[in-house]
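Numbering of ligands and ligand atoms starts at 1, following listing order. The figures that follow rest on heavy atoms only: side chains count, while hydrogens, waters and symmetry mates do not.
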Amino acid sequence: MSTATLKIAILGKGAIGSLIAYSCHQQKLDYQLLLKTSIAITLDIETINGDKALINPHTSDIKSASDFDVVVLPIKAYQVLGALQQLSKKIKPKHTLVLLHNGMGTIEQVKALYPINPIIAGTTSYGAYKPTETSVKATGLGETHLGWITKPDDNASLIESSVSKLLPPNTWHQDIRLALWSKLTINSVINPLTAINDIKNGELADKKYQQDIQAICSEVAQVMNAVGYATSTEALQQNVMKVIKATANNYSSMHQDISFKRKSEIEFINGYVGKKSQELNISTPKNQELFTKIKELEG
Ligand code: KPL
């Protein structure tokens, strides 16, 4: 394994997966896109600066992927397990798995399937959407938080430098779970409230939503404290309000999922808060209420 030969596989051609493919293309990295079928595709990318590019990534059928060192999973949380099962014949214990999605709960699933593999978990605030099947428009230059869940004995820094090229700038965390909880709180508030009220993120700054926001943050703070992360309702709320302002013009991913009648990530967001709270005997009725409402909207 050397930097020049580190082979990257990217699962799917979702918005973030396509941005990663573009990043690999620009930096001339050795990469392939793993798709359900290995059809030739041209991805039409528009960056945040308005630059446009057409790229023809090397694609492989997920079941007959060429060799790789690192597989990046920029897919929805509920797709992770199924995708890894489909890839199971190709995944060897030395392969690094990179989880990159909203919500929590997949680390436990992946560790159960691949107890030996190096695993990186991450969260990114890059924004992008797909106006068509093969076009991607970046809506925000974000930052990426990454950390090892299972660190390999060898080559960790080589893998880190390679993964750091995908969606820079990056912060590597000793304990990525804290960063994941922080993002989970943001998503527990913004995603269901924007979807239920059919609004853009920025509208959540209105006075009428503050009681709900406080209730969600208070429940998440109790769960976080119980799992060992000292925080307060106020600290979480302040952070959520910052993101509401920074992403004021966006429709959240859950708003988009519900509007386009797609499955949402609610089970891995407010559902995860609910699951953890049950294990810890903490009551989280607001998160439960939002979970139920989104499930009804999913139909
Ligand atoms: O991650 C997001 C999402 O929409 O899923 C936020 C941060 C809420 C931005 O819209």
**Report entry** Over 12 foreign heavy atoms within 6.0 Å of NZ, Lys275
**Finding:**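 Count not over threshold, so no.
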
Query raised in the report: Are the side chain of Asp257 and the backbone N or O of Arg262 linked by a donor-acceptor pair below 3.5 Å?
Result: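 No.
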
Query raised in the report: If only atom types and distance count, is the side chain of Ser23 paired as donor or acceptor with the main-chain N or O of Leu166 below 3.5 Å?
Result: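 At least one qualifying donor-acceptor pair exists.
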
Requested in this report: Apply the side-chain hydrogen bond (donor to acceptor under 3.5 Å, both in side chains) test between Asn270 and each candidate in Asn191, Thr292, Asn287, Thr284; give the one that qualifies.
Outcome: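 Considering Asn191, Thr292, Asn287, Thr284, a side-chain hydrogen bond (donor to acceptor under 3.5 Å, both in side chains) with Asn270 is found only for Asn287.
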
Requested in this report: Could you verify whether a donor N or O on one side chain and an acceptor N or O on the other, from Asn239 and Ser182, lie under 3.5 Å apart?
Outcome: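 Note: Asn239 and Ser182 side chains meet the donor-acceptor criterion.
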
**Report entry** From Leu193, Ile196, Thr194, residue fulfilling side-chain contact (heavy atoms from CB on, under 4.5 Å) relative to His255
**Finding:**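 Only one of Leu193, Ile196, Thr194 forms a side-chain contact (heavy atoms from CB on, under 4.5 Å) with His255, namely Thr194.
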
For each nitrogen or oxygen atom of ligand 1, which protein N/O atoms lie closer than 3.5 Å, and how far apart are they, rounded to 0.1 Å?
from	atom 1	to	atom 2	distance (Å)
ligand 1	1 (O)	Lys183	NZ	3.2
ligand 1	1 (O)	Asn187	ND2	3.1
ligand 1	4 (O)	Ser253	N	2.8
ligand 1	4 (O)	Ser253	OG	3.4
ligand 1	5 (O)	Asn102	ND2	2.7
ligand 1	5 (O)	Asn191	ND2	3.2
ligand 1	5 (O)	Ser253	OG	2.5
ligand 1	10 (O)	Asn201	ND2	2.9

